[in-house]
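Everything numeric here is computed off the predicted structure, so don't read it as measured data. In listed order, ligands and their atoms are each counted from 1.
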Amino acid sequence: MNYRGKVAVVTGASSGIGYQAALALAERGCTVVGVARRQAELEELTSRCRRHASDSTFMVGDLGERAFAEHVVNDSARRFGRLDILVNNAGIPIHKHIYDVTPDDVERVMRVNFMSSVWTTLAAIPHMLLLGEAWIVNVSSFAAQVAPPRETAYTASKAAMDGFTEGLWTDLAGSGIHAGLVIPGPIDTEIWDKDDSPSAYSGNLHPPSIVVDAILECIENKLREVVAPRYSPQLLAARWMRFLTPSLMLKGMSWMEPVPEEVVSRARAAARRKRDGEGGGMG
Ligand SMILES: NC(=O)c1ccc[n+]([C@@H]2O[C@H](COP(=O)([O-])OP(=O)(O)OC[C@H]3O[C@@H](n4cnc5c(N)ncnc54)[C@H](OP(=O)(O)O)[C@@H]3O)[C@@H](O)[C@H]2O)c1
């Protein structure tokens with residue numbers, strides 16, 4: 001694989017996996033366009049990328065907005081005359097009990113974690129078709145395979161991304177565009193501190209470098225799907241349990257963080273207040 005002369009858009013490049021992936025691509029000679037909302041972090045990344053790939057640049061904006069997501073791709077392709085690699089990595093967490101989740105919460109998570117990848121991918125395909133070969137790598141999550149407690153919306157956004165990517169495997173056949181799915185387990189990045197409520201998970205965290213390696217492997221070997229870490233006994237066991245004994249898997253998840261009785265009572269009381277306030281109800 002020769003990255004020199006190739007152009008890559010990496011979303012969510014201001015921290016964590018995206019930052020490291022953008023740098024790794026630049027170190028291999030790829031011109032990188034890093035995308036996120038925090039400008040100072042992107043400026044710092046870009047100055048590091050430029051030591052290896054001098055045309056590297058960044059774009060600041062909210063990928064939850066369709067116009068910006070499409071602009072990122074179209075502007076990069078126009079500016080550099082090509083788009084070889086798209087890494088859809090931007091993502092936000094949400095750790096909320098289902099009783100507290102609002103439709104706006106779910107819409108926001110779906111827009112950033114899933115729809116942004118759809119918008120960038122659909123915009124990228126025509127540019128990529130003009131090349132003999134191109135790559136789309138979608139960074140999903142192991143949470144799409146086994147829904148952790150209080151992560152219903154996050155799990156849904158990543159499961160949607162998995163389904164979309166699997167569809168791409170079939171639909172892009174013969175085009176020269178390779179779609180790959182990278183499925184990280186728990187990784188040591190700032191994402192764990194970005195939600196008001198902590199995650200239910202409190203086990204080991206793996207370094208972001210293993211996900212970067214998975215992204216590069218996906219590109220270089222045209223792999224359809226890579227779990228990172230690939231040989232973690234916990235993740236392998238969870239995958240098999242989900243496949244063979246899904247009810248045991250569910251039990252494991254509820255042992256991880258049982259739903260406290262008071263959470264259900266509070267939600268039930270709120271439901272009663274709502275019913276009474278609305279003047280309706282069944283008595
Ligand atoms: N860390 C893990 O354990 C883990 C596990 C499984 C999957 N993942 C997935 O891996 C990906 C990278 O996460 P990470 O762990 O590296 O976390 P991170 O350090 O928090 O990185 C998330 C990136 O997404 C960007 N982003 C968030 N909302 C955005 C928006 N509306 N518009 C543009 N950019 C936005 C953030 O930048 P700004 O805030 O500057 O916009 C940041 O660069 C995510 O999709 C995440 O779901 C992570």
Side-chain angles (χ1 to χ4, degrees), residues 9-24 32-46 58-73 86-95 105 107-120 137-148 151 153-162 164-165 181-195 198-215 218 225-229 232 234-235 238:
V9 167
V10 180
T11 72
S14 60
S15 61
I17 295 164
Y19 183 102
Q20 299 294 339
L23 197 55
V32 170
V33 182
V35 188
R37 291 165 302 174
R38 285 171 294 173
Q39 180 158 347
E41 283 78 352
L42 289 175
E43 277 172 358
E44 197 259 342
L45 166 73
T46 303
F58 63 89
M59 293 177 79
V60 177
D62 182 354
L63 285 159
E65 296 300 325
R66 176 176 159 186
F68 177 68
E70 291 174 346
H71 173 68
V72 159
V73 165
L86 170 63
V87 181
N88 286 311
N89 163 80
I92 49 172
I94 176 167
H95 310 132
D105 288 335
E107 192 176 326
R108 178 75 190 147
V109 170
M110 291 301 286
R111 289 174 80 88
V112 176
N113 293 8
F114 172 56
M115 289 308 299
S116 69
S117 315
V118 174
W119 296 324
T120 53
V137 181
N138 290 334
V139 180
S140 179
S141 170
F142 204 79
Q145 323 256 322
V146 287
E151 296 200 34
Y154 180 80
T155 291
S157 69
K158 294 298 188 176
M161 181 184 243
D162 291 6
F164 184 67
T165 312
L181 187 67
V182 169
I183 305 175
I187 307 297
D188 191 6
T189 69
E190 57 184 59
I191 201 168
W192 297 91
D193 307 318
K194 280 186 172 166
D195 199 43
S199 156
Y201 179 78
S202 58
N204 287 344
L205 298 176
H206 302 273
S209 58
I210 63 164
V211 188
V212 175
D213 290 345
I215 292 170
C218 220
E225 188 179 297
V226 188
V227 177
S232 147
Q234 288 96 329
L235 297 192

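For the pair I210/I187, a side-chain contact is recorded, criterion being any heavy-atom separation below 4.5 Å from C-beta on. Under the 4.5 Å side-chain criterion, counting only non-hydrogen atoms from C-beta, S141 is in contact with Y154. With a 4.5 Å cut-off on side-chain heavy atoms, P184 and V139 count as touching. Side-chain contact check for P186 versus N204: every heavy-atom pair is 4.5 Å or farther apart. The closest side-chain heavy-atom distance from V35 to T120 is not below 4.5 Å. Within the 4.5 Å cutoff, side-chain heavy atoms of Q39 are placed close to those of F58. Using a 4.5 Å heavy-atom threshold, the side chains of I92 and K194 count as separate.
Closest to atom 2 (C) of ligand 1 by heavy atom, among I187, V109, V87, V10, is I187. When V72, I191, V211, L42 are checked for heavy-atom proximity to atom 17 (O) of ligand 1, I191 turns out nearest.
Taking distance alone, with nitrogen or oxygen atoms compared against 3.5 Å, I92 stays at or beyond that limit from ligand 1. The shortest N/O to N/O separation between N89 and ligand 1 falls below 3.5 Å.
Regarding atom 22 (C) of ligand 1, its nearest protein heavy-atom neighbour is G91 O, 3.6 Å.
The shortest separation from a heavy atom of K158 to ligand 1 is under 4.0 Å, placing the residue in contact. Look at F68 and you'll find every heavy atom at least 4.0 Å from all atoms of ligand 1. By the 4.0 Å heavy-atom criterion, S116 is excluded from the residues contacting ligand 1. Residue contacts with ligand 1: Y154 is included, with a non-hydrogen atom under 4.0 Å away. The closest approach between P93 and ligand 1 stays at or above 4.0 Å for every heavy atom of the residue. Put simply, part of G185 is less than 4.0 Å from ligand 1, judged by heavy atoms. The shortest heavy-atom distance from E65 to ligand 1 is not under 4.0 Å.
Close approach of ligand 1 to R108 is summarised as follows: ligand atoms under 4.0 Å from at least one heavy atom of the residue are 31 (N). Each of the following atoms of ligand 1 lies closer than 4.0 Å to a heavy atom of G61: 32 (N), 33 (C). Of all atoms in ligand 1, listed by their number and element, those nearer than 4.0 Å to a heavy atom of D62 are 30 (C), 31 (N), 32 (N).
Side-chain contact annotation: S117 with N138, donor-acceptor N/O pair under 3.5 Å absent.
Evaluated for a side-chain hydrogen bond (donor to acceptor under 3.5 Å, both in side chains) with S14, the options E44, R37, R38 yield exactly one hit, R38.
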